[in-house]
Amino acid sequence: MATPQFDLESATDAMAEIVAGVADDDLGAPTPCPEMTVRDLLFHTIGFSEGFRQGATKEGIGKSAPPKQAPQQNLPDGWRELITAHLAALTEAWRDPAAWKGDTEVGGVTAPAVEMAGFALNEVVMHSWDLARATGRGYTPADKDVATLLAKFRDTPREGIPGMFGPVIEVPAEAPEWDRLLGLTGRDPNWR
């Protein structure tokens, strides 16, 4: 049986706190994700949190589909609570040692489950920062999450990873690890 390599709780708890503080007036605000508003990013969060949960349980194998653009409609009623519940379920699903075994499928892509867990952590951490920046709030992820993601994305090609994030943004070599990770995932640490 495989052993979980990390736990998502620190990341998902932080994201749930950020989402709980998003005001209705924030929904139209731009985010660091090109052409995505806060509302669009919240729709994406509903989708990826459930998609990566299904990746952990292997429910998504043969059934997952690539992410779609946010529908041109209002977020569902109770979206803050829905996202919080999805994030808690995501964390719990990846605590099962079976989740880390073999291959799984998320977003129409099949890969080793260990890799998918890393992508799940990346989605939570990076989009927490995106939402915090877009709504004028601070966010600093757990050092252990940054270390896990830096190890995963250290060799990101300069053009980025299609479907995940854009070209690498150069940051000074002496920059904090978090800023370096933001740059590796195509984000400008100074985005306002």
Side-chain angles (χ1 to χ4, degrees), residues 1-20 32-33 41-42 44-61 64 67 82-133 137-157 160-165 168-169 171 175-187 189:
M1 186 73 50
T3 303
Q5 295 183 6
F6 53 84
D7 190 271
L8 288 133
E9 186 173 30
S10 58
T12 56
D13 281 357
M15 182 174 230
E17 188 176 318
I18 291 165
V19 167
C33 302
L41 194 48
L42 292 166
H44 178 63
T45 301
I46 292 168
F48 83 69
S49 56
E50 176 59 11
F52 280 103
R53 184 201 64 77
Q54 290 182 18
T57 63
K58 313 296 195 279
E59 291 169 61
I61 295 175
S64 74
L82 175 65
I83 291 172
T84 297
H86 276 212
L87 292 168
L90 173 67
T91 296
E92 199 55 41
W94 283 102
R95 286 183 170 156
D96 182 349
W100 297 77
K101 205 172 172 188
D103 289 344
T104 194
E105 182 182 323
V106 178
V109 175
T110 300
V114 170
E115 292 295 312
M116 285 300 188
F119 287 125
L121 179 63
N122 178 70
E123 286 284 292
V124 174
V125 169
M126 291 303 148
H127 290 320
S128 292
W129 182 83
D130 295 331
L131 286 169
R133 278 296 161 107
R137 294 165 47 219
Y139 168 69
T140 304
D143 290 343
K144 65 182 179 59
D145 293 339
V146 172
T148 296
L149 293 173
L150 266 179
K152 179 170 185 50
F153 295 115
R154 189 174 316 280
D155 299 322
T156 299
I161 298 177
M164 282 204 62
F165 42 78
V168 170
I169 292 179
V171 297
E177 288 189 336
W178 174 228
D179 285 3
R180 291 197 325 242
L181 180 61
L182 287 167
L184 286 173
T185 60
R187 287 162 171 82

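- The environment of Asp143 atom CG is sparse: at most 12 non-hydrogen atoms of other residues, nucleotides or ligands sit within 6.0 angstrom.
- Side-chain contact between Leu182 and Trp129 is present, with at least one heavy-atom pair separated by less than 4.5 Å.
- At a threshold of 4.0 Å, the pair Glu92-Arg53 does not count as salt-bridged, since none of the basic side-chain nitrogens sits closer than that to a carboxylate oxygen.
- Ring geometry for Phe52 against Phe48 counts as perpendicular: the plane angle is over 60°, on a 0 to 90° scale with 30° as the lower cut.
- Under the 4.0 Å criterion applied to side-chain N and carboxylate O atoms, Glu105 and Lys58 are not assigned as salt-bridge partners.
- The aromatic rings of Phe6 and Trp100 sit perpendicular, their planes meeting at an angle over 60°, well past the 30° parallel limit.
- No more than 12 heavy atoms of other residues, nucleotides or ligands lie within 6.0 Å of CD in Glu17, so this atom counts as exposed by the packing criterion.
- Only one option out of Asp145, Leu8, Thr12 pairs with Val125 in a side chain to side chain contact (heavy atoms under 4.5 Å, CB included); it is Asp145.
- Between Gly55 and Trp94, the shortest heavy-atom contact is C-CZ2, 4.1 Å.
- Atoms CG and CE, on Leu131 and Met15 in that order, are 5.0 Å from each other to the nearest 0.5 Å.
- Taking every heavy atom of both residues into account, Ala99 and Ala113 meet most closely at O-CB, 3.0 Å.
- Here Asp130 pairs with Arg187 in a salt bridge; the nearest charged N to carboxylate O distance falls below 4.0 Å.
- For the residue pair Asn122 and Thr185, no side-chain donor N or O sits within less than 3.5 Å of a side-chain acceptor on the partner.
- The heavy-atom pair separating Ala16 from Leu87 by the smallest distance is N-CD1, 3.7 Å.
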